[in-house]
Every structure is written in structure tokens, then in C-alpha cells.
Student: 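One structure, pasted below without further comment.
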Amino acid sequence: MLQDAFGRQFSYLRLSITDLCNYRCNYCLPDGMPCADYSSLSLDHIGHIAAAFAAMGIEKIRITGGEPSVRKDLPQIIRLLKETPGIKSVVMTTNGHKMSKYLDSWADAGLDALNISCDSLDPRVFDAITGRDELDKLLEAIKLAQISAIKTIKINTVLLKQYNLTDLHKLIDWVKDTDLTLRFIELMETGDNADYFASNHVSAETVQKLLVQTGWQQTIRDKAAGPAKEFKHADYQGKIGFIAPYSKDFCDSCNRLRVSSSGKLHLCLFGDSGYDLTPMLVPGKEIELQNYLSEVLQTKPISHFLQEHNTGSTAQLAMLGG
Ligand code: SAM
């Protein structure tokens with residue numbers, strides 16, 4: 001089992017397969033990724049990474065990016081991860097832009113769950129955030145995902161003071177008659193978004209308190225489930241979740257490691273730099289790679305120190321996946 005110096009155990013890997021994205025979210029990549037900086041992991045490297053982490057106790061892999069669906073070989077990647085001995089669950093985060101066309105191929109390849117980003121239910125606000133006037137298309141694709149063979153569908157919504165806070169009730173009403181989990185994510189400061197963060201950050205705890213006042217109750221989750229909190233309400237079919245990275249003790253239940261699209265291990269979303277795994281992603285270096293993972297994991301910091309405006313080397317989340 002992968003365990004760090006603070007006794008935290010790691011069963012979950014977030015794998016960024018590309019840092020390219022076809023959206024221009026104003027808190028992440030408003031101008032796209034500079035051409036010179038693109039990177040994506042080869043199928044071969046993905047296979048070596050999955051095998052090494054699985055041999056050390058990783059059971060769940062989230063495919064992320066950038067936008068994973070910009071890769072034409074995405075179904076092959078899903079299948080490769082799914083067929084890796086020890087990997088029990090392969091899940092993905094997507095903006096849904098290509099979802100209606102490729103959903104069946106992802107399901108056929110064995111994808112277990114999808115987190116779909118949707119930051120507003122107002123078409124104009126959606127466009128202002130993402131640079132895409134395609135909310136209706138996304139909502140149709142989400143309905144298809146709900147009746148697909150993919151077992152779990154969750155929606156990710158970043159809380160943004162100047163964009164979606166006034167329409168929060170609309171988002172919450174969405175789960176009244178539909179069995180979806182809507183997850184509110186607290187906006188995180190990155191190297192590139194300091195001004196945007198200052199004018200848009202909303203504490204997830206404030207929204208959580210509002211929900212509790214209206215009858216939402218926190219559900220009990222296993223500690224191994226990670227730092228997300230979930231709430232249910234007798235009058236609502238769906239659930240509401242919170243990812244509150246600025247809350248006290250958030251990092252205590254950290255159960256995840258990250259590999260970037262350039263093959264670097266990141267022990268924290270906001271670490272100073274990654275550890276290059278690529279020299280060890282070749283046949284014959286499996287044990288060396290596993291020993292290296294155990295060794296560097298001991299340097300994982302106790303916290304991301306986001307509260308102190310530490311953003312490490314993370315310019316935006318497309319580099320690593322959210
Ligand atoms: N392209 C995919 C998508 O849009 O879901 C996957 C990658 S994206 C980086 C993953 C998640 O991170 C999305 O839900 C996105 O909204 C979120 N995200 C990006 N930048 C963020 C930030 N600064 N703070 C909080 N969440 C962020």
C-alpha cells in the first residue's frame with residue numbers, strides 16, 4: 001500500500017492524459033494552452049503507469065486533463081486501464097463537449113463513472129464562463145449519459161461569485177426530480193488566476209451552511225472516500241456534494257496522487273514541481289519505478305497551504321486535471 005509520512009494511504013490516481021482543452025473557462029485556460037507547451041501521455045506510458053500504481057495498491061483511476069475527449073484513442077485508454085490487474089474502477093472528468101457522440105464508445109470500453117462539468121444553467125452565463133454557447137447541447141448529452149451503461153454520473157460546478165451565485169437555487173432545484181449528484185467545487189487560486197480568484201472566490205462552507213438551514217443533511221461517508229462531503233434531503237432525488245479545499249482538515253483525508261500529461265508525479269495539486277517518471281516507464285524498470293514512488297511519497301507535504309496563497313508550480317488546473 002502507498003502510504004506517506006503522515007499515515008495517509010493512497011488508492012486513487014488522477015491521470016492527466018493531455019493538457020489540451022477545447023473549452024476556454026475563464027478561471028482555468030481563458031486563452032487556451034500555448035502551442036509550445038502541449039503534452040500528452042503515450043498509450044505505452046499510460047500502460048506502465050497504471051501497472052506500477054496498481055501493483056502498489058491504487059484501485060481507482062480518474063482520467064482527466066485538459067479535456068480527455070480531445071484524444072481519439074480515449075476508448076483504447078479506458079480499456080487499457082480497465083484491463084490492468086488490480087484496477088477496480090476507471091472514471092473520467094469531462095466538459096461533455098464530445099459526449100453525445102462518443103458516450104457509447106466510452107461505456108463499451110468499460111468506463112464506470114463520469115463527472116461532467118457544468119458551471120451554470122443560464123446559457124449566457126455558461127457561455128461567459130466557458131467561451132461556448134452550448135448549454136442546451138450539454139444538458140441533452142447529460143440526459144443521454146444518465147440512461148447510458150455508465151453507472152454513476154456527477155456534475156461538477158465551480159462556485160463563482162460573479163457568475164453563478166445568484167442562480168444557485170436553479171442548480172439545487174435540478175436535483176429535485178433527478179437522481180444526480182451535483183458537486184460544488186470551491187474555486188482554487190492558481191498561478192494564472194490571482195485577480196479572478198480575488199473577485200470570485202466563495203467559501204464552500206458558507207453555501208454548505210445555507211443548505212443545512214433548508215433541511216439538507218450530511219451523509220456519512222467512509223474516510224477512504226476522500227475529502228468530498230455529501231448531503232441529502234428527503235424532498236430531493238439527487239444529492240449535493242462539496243469539495244472545499246479551503247476548509248480546515250481538508251488534506252487530512254487526501255487519498256489521491258496525480259500524474260501529469262508529461263509523465264510527472266505530483267504529490268499535491270499545488271506542489272512545487274513534479275517528479276519525472278518517464279525514464280522509468282520502460283520494460284525492465286518496474287521495480288525501480290515502484291521503489292521510487294514509495295520513496296518520493298514520503299516527501300508529500302501535510303497540506304497544500306492554499307490558505308496562504310501557495311499555488312506551487314500550478315499555473316492552471318488543465319496542467320494536472322482538477
Ligand atoms: N476538461 C475537463 C472538465 O472540464 O471537466 C477535465 C479537466 S478540468 C481541469 C477538471 C475540473 O477542474 C473541472 O470541473 C473544472 O471546472 C475544475 N477546475 C478547473 N480550474 C479550477 C479552479 N481554479 N478551481 C476549482 N476548480 C477548477
Side-chain angles (χ1 to χ4, degrees), residues 14-33 39-40 61-71 74 77 91-99 102 106 111 113-120 125-126 128-132 134-135 138 141-142 145 153-164 171 181-204 207 227-228 241-247 250 256 258-261 266 269-270 304 306-307 309-312 314-322:
R14 294 192 167 201
L15 187 62
S16 171
I17 59 170
T18 176
D19 52 13
L20 275 179
C21 191
N22 43 18
Y23 268 26
R24 297 286 173 264
C25 295
N26 53 11
Y27 50 82
C28 186
L29 265 185
D31 305 313
M33 182 71 75
S39 63
S40 65
I61 298 185
R62 174 170 303 282
I63 303 170
T64 180
E67 172 50 39
S69 64
V70 301
R71 284 189 62 158
L74 179 55
I77 295 172
V91 304
M92 184 167 86
T93 306
T94 178
N95 58 31
H97 176 68
K98 296 196 176 197
M99 195 160 62
Y102 294 108
W106 304 343
L111 191 70
L114 259 180
N115 280 18
I116 304 162
S117 299
C118 180
D119 292 332
S120 175
V125 177
F126 185 89
I129 297 170
T130 63
R132 293 271 189 181
E134 53 185 45
L135 176 65
L138 177 65
I142 291 172
I153 307 295
K154 291 182 182 169
I155 307 295
N156 283 351
T157 302
V158 181
L159 291 165
L160 302 167
K161 194 185 283 173
Q162 295 181 333
Y163 292 91
N164 59 17
L171 284 155
T181 298
L182 176 66
R183 285 194 155 184
F184 289 122
I185 305 177
E186 193 167 356
L187 179 67
M188 289 173 261
E189 181 172 356
T190 61
D192 283 356
N193 77 2
D195 291 345
Y196 186 102
F197 174 82
S199 43
N200 277 288
H201 178 251
V202 180
S203 144
V207 180
F242 286 92
I243 314 274
Y246 289 86
S247 64
F250 181 78
R256 59 206 57 191
R258 296 180 155 85
V259 173
S260 74
S261 53
H266 287 256
L269 196 45
F270 297 98
H304 48 40
L306 262 181
Q307 296 86 343
H309 299 278
N310 165 58
T311 57
T314 306
Q316 23 67 19
L317 262 48
M319 292 168 65
L320 276 183

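Just so you know, these numbers use all the heavy atoms, side chains as well, and skip hydrogens, waters and symmetry mates. Order of appearance sets the numbers: ligands from 1, and atoms from 1 within every ligand.
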Student: Where does ligand 1 get N/O contacts under 3.5 Å from the protein, atom by atom?
Tutor:
residue	atom	partner	partner atom	Å
ligand 1	1 (N)	Gly66	O	2.8
ligand 1	1 (N)	Glu67	OE1	2.9
ligand 1	4 (O)	Ser117	OG	3.3
ligand 1	5 (O)	Thr94	O	3.4
ligand 1	5 (O)	Ser117	OG	2.6
ligand 1	14 (O)	Ser117	OG	2.9
ligand 1	14 (O)	Asn156	ND2	3.3
ligand 1	16 (O)	Tyr27	OH	2.7
ligand 1	23 (N)	Met188	O	3.0
ligand 1	24 (N)	Met188	N	2.9

Student: With no hydrogens and no angle check, just 3.5 Å: does a side-chain donor-acceptor pair link Glu67 and Thr94?
Tutor: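 Yes, because at least one side-chain N or O of Glu67 sits under 3.5 Å from a partner of the opposite role on Thr94.
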Student: Any side-chain to backbone donor/acceptor pair from His304 onto Pro245? Under 3.5 Å, distance only.
Tutor: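 Pair found, side chain donor or acceptor close to backbone of Pro245.
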Student: Please tell me whether Thr93 and Arg62 have a donor and an acceptor in their side chains that are separated by less than 3.5 angstrom.
Tutor: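 Checked: Thr93/Arg62 side chains pair up, N/O donor to acceptor below 3.5 Å.
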Student: What about Tyr246 and His201, are their ring centers closer than 6.0 Å?
Tutor: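 Between His201 and Tyr246, which both carry aromatic rings, the centre distance is below 6.0 Å.
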Student: Let me know which of Ile17, Ile77, Leu74 forms a side-chain contact (heavy atoms from CB on, under 4.5 Å) with Met92.
Tutor: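 Among Ile17, Ile77, Leu74, the one that satisfies the side-chain contact (heavy atoms from CB on, under 4.5 Å) with Met92 is Leu74.
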Student: Thr157: what forms a side-chain contact (heavy atoms from CB on, under 4.5 Å) with it, not counting sequence neighbours?
Tutor: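 Testing Thr157 for side-chain contact (heavy atoms from CB on, under 4.5 Å), a comparison that skips the adjacent residues, returns Asp119, Ile155, Asn164, Leu171, Leu182, Phe184.
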